[in-house]
Amino acid sequence: MQQMKQAKSAAYDPSPSRLSYRLQRWMLTPGIRMGLRIIVPFGLTLAIVSIFLSDERRRDALNQFVVELRASIQERPEFMVSLMAIDGAGLNLAQDIREVVPLDFPISSFDLELEQIRQVVTGLDPVKAASVRIRPGGLLQIDVTERRPAVVWRTRDGLAMLDRDGVHVDDIDSRSAQPDLPLIAGAGADKHVAQALQLMASAQPLGKRLRGFVRVGMRRWDVVLDRGQRILLPGDYPVRALERVIVLNQGNDLLERDVVVVDMRLGERPTLRMSSAALEDWWRIRKINGDGQ
Amino acid sequence: MTDLYQAQRTMRSMRQQALQRGVVAILDVGSSKIACLVLRFDGTGRLSEDTSIGSLAGQTGFRVIGAATTRSRGVKFGEVTAMAETERAIRTALQAAQKMAEIRVDHVIVSFSGANPRSYGLDAQVDLEGQVVTEAEIARVMADCDVPEYGAGREVLHAQPVNFALDNRSGLGDPRGQLGQTLSVDMHMLTVDEAAIQNLVHCIKRCDLELAGIASSAYVSGISALVEDEQELGAACIDMGGGSTSISIFMKKHMIFADSIRMGGDHVTSDISMGLGVPMPNAERIKTFCGGVHATGVDDRDMIDIGGDTGDWEHDRRTVSRAELIGIMRPRVEEILEEVRSRLDAAGFDQLPSQQIVLTGGASQIMGLDGLASRILGQRVRLGRPLRVHGLPQSATGPGFASAVGLSLFAAHPQDEWWDFEIPNDRYPAKSFKRAVRWFRDNW
């Protein structure tokens with residue numbers, strides 16, 4: 001026994017045994033190599049995962065775990081939103097916005113659909129544009145650009161404020177609530193607010209006498225003054241026609257006279273309609289001055 | 001003759017198969033080491049774009065991806081003497097080379113140096129049937145060669161046509177398509193002992209490998225150690241291995257003679273071992289580090305520890321002078337070189353126009369060998385190293401790897417041999433089905 005052991009250690013044999021030689025050659029075969037490197041790990045992983053998921057309870061537990069993990073991350077104080085700040089809106093509008101965006105604060109910022117909130121806020125009539133973002137410190141910041149009411153529109157339903165583009169801003173109860181805004185009326189007047197505003201600018205010399213503008217037949221404007229006077233403007237170039245009337249007024253005090261209607265609808269033939277009393281006076285004076293011409 | 005065709009053709013088809021697969025192993029079974037290279041054939045052409053040869057001598061069709069060397073066991077004089085031992089050594093080398101290459105190799109090309117190679121010159125002459133030399137005509141003239149009685153128990157290893165002559169024009173490399181009346185061929189045939197080949201083939205089979213070719217190491221080391229013009233103009237390559245020294249003579253890029261001497265570097269080592277009374281590994285170490293063949297005055301004072309681990313202090317502390325060592329080595333080296341000289345003379349090497357001799361192989365690294373060899377073999381002696389090939393590790397570029405590198409060149413660009421040509425019709429055995437098929441193909 002002793003001798004054999006010694007002989008074995010003395011003659012160290014570096015050569016591989018037949019088995020290890022064959023095994024190595026087998027492992028170096030390209031197909032086997034690929035199988036061991038790719039297919040076996042893949043299959044093993046697949047098997048483990050499918051065995052794990054084959055049990056209902058484990059699947060539920062996994063889902064539960066995922067949900068809890070999500071919640072624990074989302075509900076960290078860094079991600080919580082506790083306040084909504086609205087800039088650029090009046091009190092009423094801010095109130096409206098708070099009504100249409102009903103959020104229960106504190107809420108996680110992962111649960112906030114900013115784009116959807118923005119759409120809802122922009123959908124409000126008085127809002128021209130809005131931007132919604134989350135500010136550091138857990139603040140939901142809504143910046144609103146409000147529509148500026150430019151005119152008051154009187155319809156059968158009541159009074160409404162429109163902005164320059166004719167978009168409805170708000171309803172008001174009485175004219176006296178917005179005395180500084182020009183008044184327009186008539187069907188289709190809201191489509192031509194810009195023109196009304198141009199007329200308003202030209203009508204500045206009329207001062208306090210101006211009562212408002214009436215859209216007639218959805219095609220032209222009437223300027224309504226106090227004492228029941230009206231200026232009938234043509235459909236085309238109403239501003240120029242109005243300016244002609246104002247020039248006449250400044251030269252001849254046209255509107256101070258007993259004129260009911262100044263009809264400018266035909267530019268080459270402006271027409272005046274006097275009140276019936278003035279007309280009778282006119283006839284009487286002609287009679288006095290000499291019958292006939 | 002037909003079975004020779006069959007065996008060699010089987011190996012050829014194996015080689016084709018290996019080239020298609022792209023990976024082949026090169027196994028140089030020597031007496032002192034077994035070298036294994038794994039080649040990958042990537043299919044690039046022989047020449048670079050500008051059709052110049054380039055720095056790698058055009059050997060760019062393959063790449064060495066694995067190389068391993070192991071101590072040879074069970075091989076003496078280049079022949080397998082202990083099959084199980086040899087098989088283990090081959091397994092070791094092959095496993096290491098495969099591991100380096102990271103690919104499994106199934107086909108192997110083997111070279112060995114021993115088995116008493118003997119050269120024969122063959123010639124034949126035929127009248128052409130038509131005016132044009134066709135491949136069939138070449139096959140016919142080669143089949144017409146008088147095969148000498150090389151004796152029972154011998155096998156033809158190489159049979160290469162080295163020269164064709166058409167009428168009175170000689171020195172044709174490729175006579176196909178030329179016009180003439182009579183075609184004659186000179187062939188070089190190399191026979192070796194059948195038993196040696198069979199042992200080696202058996203070892204390879206036991207390693208689960210397919211044999212894709214066998215070459216004589218004399219031939220393949222000539223391919224790699226001789227540069228192109230030496231092969232063209234004529235030169236002798238002396239591959240001094242461990243157990244045997246092979247000689248090959250090249251002319252016009254063909255081997256025209258090969259021989260082998262059953263003496264090599266191991267004999268020098270055993271002389272040192274006997275002369276100094278040291279074990280063989282010690283003797284080998286002393287030979288490699290301190291050996292030489294020219295003693296000078298300073299060598300008398302240069303003492304070498306010859307060592308030993310017997311435990312006897314006096315015995316383990318012996319020293320010899322380098323001059324003594326040289327005195328032991330030189331006679332044996334001289335003897336080898338004298339034997340080479342006599343073999344070359346017998347082959348008629350002194351009649352050749354060019355007397356270039358190239359020494360290569362592991363034993364050619366003995367210091368001062370070129371000086372000694374030029375005294376014995378003639379003035380034009382140089383030490384040769386193998387050609388550079390792609391991917392060969394630095395450790396495998398020494399002269400000891402000439403036959404391994406040559407074998408990879410041989411694997412990439414084999415020379416036409418006898419069995420690469422079709423057997424002429426009338427040489428087929430009667431009633432052969434192949435013969436019927438051939439007749440059918442020729443006549444329809």
Inset, instruction - Might you work through the side chain to side chain donor-acceptor pair (under 3.5 Å) test for A:Gln64 and A:Glu68, ending with a clear yes or no? - result: CA-CA 6 Å; A:Gln64 187 64 33; A:Glu68 277 170 12; 3.2 Å; yes
Inset, instruction - Against chain A, work out which of B:Cys207, B:Ala89, B:Ala96, B:Ala93 has the most heavy-atom pairs shorter than 4.5 Å and name it. - result: B:Cys207
Inset, instruction - Determine which residues belonging to residues 29-39 of chain A lie within contact range of chain B, meaning some heavy atom pair is under 4.5 Å apart, and list them by number or answer 'none'. - result: A:Thr29, A:Arg33
Inset, instruction - Using modelled atom types only, decide if a donor and an acceptor are shared between the side chain of B:Gln98 and the backbone of B:Arg104 within a distance under 3.5 Å. - result: no
Legend entry - Any donor-acceptor pair under 3.5 Å from A:Arg58 side chain to A:Leu53 backbone: no
Legend entry - Proximal component of B:Leu94, with respect to chain A [non-hydrogen, under 4.5 Å]: side chain
Legend entry - Under 4.5 Å from any heavy atom of chain A - which part of B:Arg206: both
Inset, instruction - Determine, for B:Asp106 against A:Arg25, whether the closest basic-nitrogen to carboxylate-oxygen distance falls under 4.0 angstrom. - result: yes
Legend entry - B:Arg88/B:Glu85 salt bridge by N-O under 4.0 Å criterion: yes
Legend entry - Residue list, ring-ring contact (aromatic ring centres under 6.0 Å, His included) with A:Phe110, at least two apart or on another chain: A:Phe79
Legend entry - For B:Asp239, the option from B:Ser244, B:Ser221, B:Ser113 that meets side-chain hydrogen bond (donor to acceptor under 3.5 Å, both in side chains): B:Ser221
